[in-house]
Amino acid sequence: MPPAETPQAESFPAGKISTADIVAAVRGWHQHARMPIFADPYARLLCGRFLGFAVRFRPLGWFLVKVVLGRIMPVSMCVLMRARYAEQALEAAIAAQGAAQYVIIGAGMDSFAFRRRDLLQRIDVFEIDHPVTQQKKLKRIRRAGLTVPARCRFVAADLSRVAVVDALDGSGFDRAQPTFLSLMGVAYYLTPDDLATLAGSIARNLAPGTRLVIDYLLDKESSNPAHLGIREKTLAFVKARGEPMRSEYSTAAMNALFAANGFRAVENFAIEGLAPSYRQTFGRLPFEIPGLFAFGAFEVEPRGAGASQA
Ligand SMILES: C[S@@+](CC[C@H](N)C(=O)[O-])C[C@H]1O[C@@H](n2cnc3c(N)ncnc32)[C@H](O)[C@@H]1O
């Protein structure tokens, strides 16, 4: 289990290249692919000057991908796949459940507001992020000359200190409206207690039927033994960037955490299992899908139906 350190706002990496920048650059670089797994033409504008340059100037990008990040690049598959998974689940929730609000928790450099003007005709979007990351993003949006759609709001909050629902108060968010939330690329950086608190406050305060999608690090026992080397290198890489991973789970442990906090599991699976369908859709994949991560979709149960909704 990675050490459970409590993040401090003061120690959040400001200034240097963050994991939010790196995953945006991964999405930007991936746009050179013949058939992108996730189309994100704005990623290169939002990943920062140096990485944005590397995405455009192929020799430098190639050096970063092959040499600097070479050993951990298979992890980029999870970055692309989670973006695709979250938006497919959102579209399903809008169609089937009439979701009218989308809360992107730990949005990082997600360009949803600019890419999905089609969905912004129908839903309100709330981007929650650590104040340090969000300030950086807003600066980049201005620099790129992008216009933020009226239905997109930015909410700054350190989730190790403030509950998601409390952070949303005053932003125009309506607790009674059908809502879809994504927590992609974030659970890693929260302790299990932080995640349980986050889930519990959503279940207690938002309407039954509210859905949340999440990706997370599998514990060592649930990981593919052949990929444990990539796992160790990834943990060391993010720790060196000042963003240590603070949690890991089996799929059963993640189901139990959400069940104890007012949710039922819609699905919860290791992403490696998606390899055959991805190969069918995209042909040869840029990297093997690492057996280190899982995706889950959880739905708020009617009050009183869960195991313990204290
Ligand atoms: C790796 S990025 C993920 C960005 C994006 N969701 C994605 O999937 O690519 C992690 C995000 O979690 C946010 N984050 C980490 N710890 C946080 C905290 N304590 N409070 C709020 N946001 C946090 C970071 O600011 C960053 O935007």
Side-chain angles (χ1 to χ4, degrees), residues 2 4-30 37-38 40 42-44 46-48 51 69 72 75-90 102-113 115 125-141 154-168 181-195 197-198 201 212-217 234-235 237-239 241-247 271 293 295:
E5 302 159 43
T6 303
Q8 298 297 315
E10 306 77 45
S11 68
F12 201 82
K16 62 181 172 177
I17 294 175
S18 66
T19 57
D21 300 333
I22 294 169
V23 297
V26 161
R27 290 191 295 268
W29 178 253
H30 182 63
I37 289 167
F38 186 73
D40 189 351
Y42 295 92
R44 69 180 175 83
L46 297 178
C47 65
L51 291 177
L69 298 173
I72 61 169
V75 172
S76 67
M77 286 300 290
C78 179
V79 172
L80 302 170
M81 291 168 72
R82 72 182 179 221
R84 183 179 172 84
Y85 177 71
E87 283 186 28
Q88 284 181 337
L90 168 66
Y102 178 27
V103 181
I104 312 178
I105 309 172
M109 303 302 149
D110 191 327
S111 62
F112 181 88
R115 278 183 293 106
V125 176
F126 301 85
E127 288 202 10
I128 304 186
D129 210 334
H130 195 284
V132 169
T133 315
Q134 198 163 83
Q135 282 302 319
K136 213 157 56 156
K137 181 175 189 175
L138 290 170
K139 227 159 108 182
R140 290 175 187 172
I141 289 173
F154 291 94
V155 178
D158 179 349
L159 296 175
S160 62
R161 296 169 179 222
V162 187
V164 165
V165 285
D166 293 338
L168 286 165
L181 304 99
S182 72
L183 188 72
M184 290 298 184
V186 182
Y188 314 87
Y189 306 107
L190 302 178
T191 64
D193 281 351
D194 287 341
L195 182 60
T197 304
L198 181 151
S201 87
L212 177 145
V213 288
I214 182 172
D215 74 318
Y216 59 95
L217 180 69
T234 305
L235 289 175
F237 178 82
V238 293
K239 191 172 181 190
R241 305 226 62 75
E243 296 178 70
M245 292 195 178
R246 297 183 167 89
S247 61
I271 66 169
F293 305 101
F295 291 165

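As the structure lists them, so they are numbered: ligands from 1, and atoms in each ligand from 1.
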Location of contacts on [X] toward ligand 1, heavy atoms closer than 4.0 Å:
X: Ala107; result: backbone
X: Val23; result: side chain
X: Arg27; result: side chain
X: Gln134; result: neither
X: Thr133; result: side chain

With rounding to the nearest 0.5 angstrom, report the CG to CG distance, Leu159 to Asp194.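 Those atoms lie 8.5 Å apart.
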Between Leu190 and Arg246, is the side chain to side chain contact (heavy atoms under 4.5 Å, CB included) condition met? List the steps. CA-CA 6 Å; Leu190 302 178; Arg246 297 183 167 89; over 6 Å; no
Working for side chain to side chain contact (heavy atoms under 4.5 Å, CB included), residues Ile141 and Phe154: CA-CA 12 Å; Ile141 289 173; Phe154 291 94; 3.9 Å; yes
Between the candidates Gly185, Pro131, Gly106, Ala157, which shows the shortest non-hydrogen contact distance to atom 4 (C) of ligand 1?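 Comparing heavy atoms across Gly185, Pro131, Gly106, Ala157, the nearest one to atom 4 (C) of ligand 1 lies in Gly106.
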Please compare Val79, Asp129, Val132 and report which has the shortest non-hydrogen distance to atom 25 (O) of ligand 1.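 Result: the heavy atom closest to atom 25 (O) of ligand 1 is in Asp129.
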Test applied, side chain to side chain contact (heavy atoms under 4.5 Å, CB included); reference residue, Ser182; option that passes from Asp215, Leu90, Val213: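 Running side chain to side chain contact (heavy atoms under 4.5 Å, CB included) over Asp215, Leu90, Val213 with Ser182 returns exactly one hit, Val213.
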Looking at ligand 1, would Asp110 count as a contact under a 4.0 Å heavy-atom criterion?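 Heavy atoms of Asp110 never come under 4.0 Å of ligand 1.
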Using non-hydrogen atoms of the residue, decide whether Asp158 is closer than 4.0 angstrom to ligand 1.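 Checking ligand 1 against Asp158, which is what was asked, there is a heavy-atom contact under 4.0 Å.
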Quick check: does any side chain N or O of Arg115 sit under 3.5 Å from a backbone N or O of Asp40, one acting as donor and the other as acceptor?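 The answer is no, because no donor-acceptor pair under 3.5 Å joins these two groups.
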Can you tell me if Ser247 uses its side chain to pair, donor with acceptor, with the backbone of Ala187 under 3.5 Å?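 Judged by distance alone, yes, a pair lies under 3.5 Å.
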Which heavy atom in Lys136 sits nearest to a heavy atom in Ser18, and how many Å separate them?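 Taking Lys136 first and Ser18 second, the nearest heavy atoms are NZ-OG, 3.6 Å.
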Going by the order shown, which atoms of ligand 1 are within less than 4.0 Å of some heavy atom of [X]?
X: Gly108; value: 4 (C), 27 (O)
X: Met184; value: 3 (C), 5 (C), 6 (N), 7 (C), 8 (O)
X: Leu159; value: 18 (C), 19 (N), 20 (N), 21 (C)
X: Ser160; value: 19 (N)

For Leu195 and Ile214: C-alpha separation, side-chain torsions, deciding distance, then whether side chain to side chain contact (heavy atoms under 4.5 Å, CB included) applies. CA-CA 11 Å; Leu195 182 60; Ile214 182 172; 4.0 Å; yes
Note: Arg241-Asp21 ion pair, threshold 4.0 Å (strictly below):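 Here Arg241 does not pair with Asp21 in a salt bridge, since their nearest N and O are not under 4.0 Å apart.
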